[in-house]
There are 2 protein chains.
Amino acid sequence: MTIRAASVKDVAARAGVSLGTVSNVLNRPDRVSVQTKARVEAAMAELGFVRNESARQLRAGRSSALAYVMLDGSNPFFADVAHGIEQAAEAQDLSLFTCNSNNRAERETVYLNRLEEQRVQGILITPVNPDAEALDELPRRGTPVVIVDRTRGGNTHCSVAVDDVLGGELAARHLIELGHRHIAYIGGPDPLGQVRDRRRGAHKALADAGLGPEHLVDIGTEALTVDEGRKAGERLVGRPASSRPTAAFCANDLLALGLLQQCVALRMSIPDDLAIVGYDDIDFAAAAAVPLTSVRQPRRELGRRAAELLLAEATDPQHEHEQVVFTPELVVRGSTR
Amino acid sequence: MTIRAASVKDVAARAGVSLGTVSNVLNRPDRVSVQTKARVEAAMAELGFVRNESARQLRAGRSSALAYVMLDGSNPFFADVAHGIEQAAEAQDLSLFTCNSNNRAERETVYLNRLEEQRVQGILITPVNPDAEALDELPRRGTPVVIVDRTRGGNTHCSVAVDDVLGGELAARHLIELGHRHIAYIGGPDPLGQVRDRRRGAHKALADAGLGPEHLVDIGTEALTVDEGRKAGERLVGRPASSRPTAAFCANDLLALGLLQQCVALRMSIPDDLAIVGYDDIDFAAAAAVPLTSVRQPRRELGRRAAELLLAEATDPQHEHEQVVFTPELVVRGSTR
DNA sequence: GGACCTAGATGAAAGGTTTCATCCAGTCGA
DNA sequence: TCGACTGGATGAAACCTTTCATCTAGGTCC
C-alpha cells in the first residue's frame, strides 16, 4: 500500500517530463509526441496513477455527475425510473448518484444539501413535497432541478410526468365496459396529487358513461404499500355482500398486490368475485399469481426524458422550462378477465 | 443566478473578517466569538454560500462517501441490502453512492474506476465475478473493498455473506418433513456459487434423512429471474404426472414467483399439487397470492455489517480481514402448508 | 507596572489538476 | 545565412478549503 497516491507531479518526475505534459497526455493526447506519450503512460502504470476527481472538479467548477433523489427505494417503479435516467447519463458519459429519501422530508433535505455541495450538474427528484421551497433555491443558486413523476404549479422547473387523470379514466372505463357498476377506489393519503388525479379520471369515465359519482366508493389508505392494500382488502370483504363492490381500482400496484393477496386468502375468486386494476405496471404486477391488469407508465422513458431535460437546462443558460406529460396505457391481464 | 458561486473568501470580505475565521465558523464554531460568528453567518446567508465539497475533499485527501455497487437493481433483495448500508452510513454521517452494474462486468469496471477517482472511503460490492482481478487492485492502491453477499477464496477481503449451504438444507429438510420425496431444484446458471451451495445444502438434508440424491431433480435456468421461473414451470408441468415432482425449491424468490404464477395459470393448486420454497424472502414473496415459504436472509443486517467492516478497514490500517457469515432462517407460509 | 495568559483572529501554505501564455529546437523558404 | 514557422514541451496561476503557526489585545495576578 502506497503511503500517498501518485499525482501528476510524480508521474511527470518519473517520466522525466513536465507536469503540463502529463496533463496533455490525459486530456489532449494528440498534442503529445508518441514517444513522450508512451513514456508517460508507462510511468502512470508503474506508479498506479489514478486521477484525482476532486481536483479536476475543483478546477472545472462542476462535477460530471447527475443525481436522482428517489422517493421510495422499495418500490420497483422508482428503480425502473432510475434505470432510465442511468441510460441517458451513460450516453453522455456522466455518472449518476442515486439517493433514496424514503419518503422522509428530512432525508431529502440532507441529500439535496450534499448534492449541491458536490456541485453536481443537476438534480432529478421525485420530491416528498413538490411544493417545498428548497426546490426553488437550488436552481436560483445555479443547480438545475427537474421534477420527476410529479408536477408543480408555476413554470419554475422542468418536469416529467404521466397524465394521471387519463390513467384513472382508462382504468375506470375498462371496468365500466366490463359491466361493473359498483367500483371501489383504493388509495391515499389524499394530499398526494396522484391519488386525487387518478380518482378524478375515474369520475370522468363514469360521467362519460352517464353514471353518477356514487358508483365509485372511496376506500382510503394511509400509504401506497402492500400492507395497506391488505388492510383495504379486509375492509372491503367485511362489507355485506349486497353493498360490496364488484371491482377495485387501486392507486398503485403495491396496493393492488396486497388487495389481491388478501382476497385470495379470504377465498374470493379473482376476477369473478372482484376485478382488480392496479397502477404503474411494475414487473411484479405481471408476475402475480393472477396477473394484474394495470395502467402502464413509461417508467424508463420517464427517467430518460427527465435526464435529457436536465442536461439541456444545464448546458443552455437561457433555457425554457418544459413540462413533459406522457400518456399512460392500460394493460389488460387476468385480474379483470 | 449568480455568475460564480460565493466562496469563503467572498464571505470573509462581506463579513469583514479573514478567511480563516470563516473556516473556523464552519469547522470549529467554539473558537469564534458569538458576534463574529453571527456576522459571518449573516454574510453566508446573504451570499447564498454553499461549501465546495471538491475543495474540501482535495484538502482532506478522501471523500466522505461510501459506495455500493449493486448487482441487479431490479431485484428488491439488493435494494434492501442497500438500505442497510445506508443506515450504517447515515449513522457515521457519510453519504452513500449507489451504482448498479446490472450484471454487466463492463459497467462494473466503469463504476469502480470512477469511484476510485472520487477517492471514496471504500467500496461495497456484490460483484459480477467475485474473482475479478480489479477487486484486488483497489485495496492495493488504498481503497478498501468489502464483498457483499458473495465469498471469495483467500483472505484478501472482508466479506459478508449468508450460509447458503445451510439455507438449502433448511429448505429441503422442511420439504422432506412434509413428506415430499420427489423434489425439484430450480436454479442456474451453475457457475454461480450460491446456486451450487444451495443445492449442496439440499443434498445434505436428503442424506441426513437417509434419502439418496436421486430424490432431488435438477431443473436448470439461465438466470435468476421471474421469466425463467415461468419457463421452469412449463417444463415441470410438462412432465408426465407420474414423474412430476411434488415440491420445488427455487434458488431465489424471483424464480419462485414465476413458477408460482405459471402453476396457477396451469390450474395447479399450491401447495397441494406442488409445494414451493423460495429463497431471499423479499417483500414480494410474502405478498404473493399464495404467500411464499422462503429462506430469509438478513438483508438489511447484511448491508449494515458490511458497511461497518468497511469503515473499520478504512480507519484501521493494520486491520485483519474478516469473513462474516450470517445464518439464514426458514419462513413458512402458504406455499408449503 | 510588568509578566504572563488566553480567547480570538489572521493569513500563508498545501492539496492535485487543468489551462494558457511562453519558450525551444528544428525545418523550410528565400 | 537569416527569418518565419511549427510541433512539442514547459511551468506558473487558478480553483476553494482547511490547518497551523503566529499575532494581538485585553485581563489577571503579584
Side-chain angles (χ1 to χ4, degrees), chain A residues 2-41 43-44 47-64 113-114 116-120 141-142, chain B residues 2-41 43-44 47-65 113-114 116-120 141-143:
Chain A
T2 347
I3 203 68
R4 191 179 58 84
S7 74
V8 276
K9 209 194 275 181
D10 302 324
V11 174
R14 176 93 169 206
V17 299
S18 81
L19 107 193
T21 300
V22 175
S23 180
N24 281 334
V25 171
L26 252 17
N27 302 298
R28 310 197 225 35
D30 46 310
R31 300 216 189 146
V32 177
S33 74
V34 277
Q35 302 94 316
T36 312
K37 196 175 145 209
R39 252 201 356 266
V40 170
E41 282 171 346
M44 286 186 185
L47 296 173
F49 171 76
V50 175
R51 261 178 169 169
N52 185 323
E53 181 65 22
S54 320
R56 296 189 78 192
Q57 269 183 40
L58 174 58
R59 181 66 228 241
R62 277 248 163 245
S63 94
S64 63
N113 285 338
R114 281 204 221 201
E116 190 179 13
E117 290 177 356
Q118 308 258 3
R119 301 286 193 275
V120 291
R141 285 197 292 256
Chain B
T2 346
I3 203 68
R4 191 179 58 82
S7 73
V8 274
K9 210 195 273 180
D10 302 322
V11 174
R14 177 94 169 205
V17 301
S18 80
L19 106 194
T21 300
V22 176
S23 180
N24 280 335
V25 170
L26 251 17
N27 302 298
R28 311 198 220 36
D30 46 308
R31 302 218 186 145
V32 176
S33 74
V34 276
Q35 303 94 315
T36 312
K37 195 175 146 208
R39 257 208 343 273
V40 170
E41 281 170 348
M44 286 187 187
L47 295 173
F49 171 76
V50 176
R51 260 177 171 173
N52 185 322
E53 180 66 22
S54 320
R56 296 189 77 192
Q57 270 183 39
L58 175 57
R59 183 67 232 240
R62 276 250 163 243
S63 94
S64 64
N113 285 336
R114 282 204 224 205
E116 190 179 13
E117 289 176 359
Q118 309 257 4
R119 302 287 194 274
V120 291
R141 285 198 293 257
T143 302

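Just so it is clear: chains get the letters A, B, ... in the order the sequence lines come, proteins before strands, and each one is counted from 1.
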What heavy-atom pair brings [X] and [Y] nearest, and what distance separates the two atoms?
X        : Y       : result
B:Asp10  : B:Ala5  : OD2-O, 4.1 Å
B:Arg119 : A:Arg51 : NH1-O, 3.1 Å
A:Val8   : A:Phe49 : N-CE1, 3.6 Å

Does B:Arg28 reach the main-chain N or O of B:Val25 with its side chain, forming a donor-acceptor pair under 3.5 Å? no
Please check: side-chain N/O of B:Arg62 versus main-chain N/O of B:Val120, any donor-acceptor pairing under 3.5 Å? yes
Hey, what do you get for OG (A:Ser63) to CD (A:Glu53), rounding to the nearest 0.5 Å? 7.0 Å
Where along residues 31-41 of chain B does a heavy atom come under 4.0 Å from DNA chain C, residue by residue in number order? B:Arg31, B:Val32, B:Ser33, B:Thr36
5' to 3', nucleotides 11-21 of chain C under a 4.0 Å protein heavy-atom cut-off (B base, S sugar-phosphate only, - none) gives BBBBBBBBB--
For A:Arg59 and B:Leu58: C-alpha separation, side-chain torsions, deciding distance, then whether side chain to side chain contact (heavy atoms under 4.5 Å, CB included) applies. CA-CA 11 Å; A:Arg59 181 66 228 241; B:Leu58 175 57; over 6 Å; no
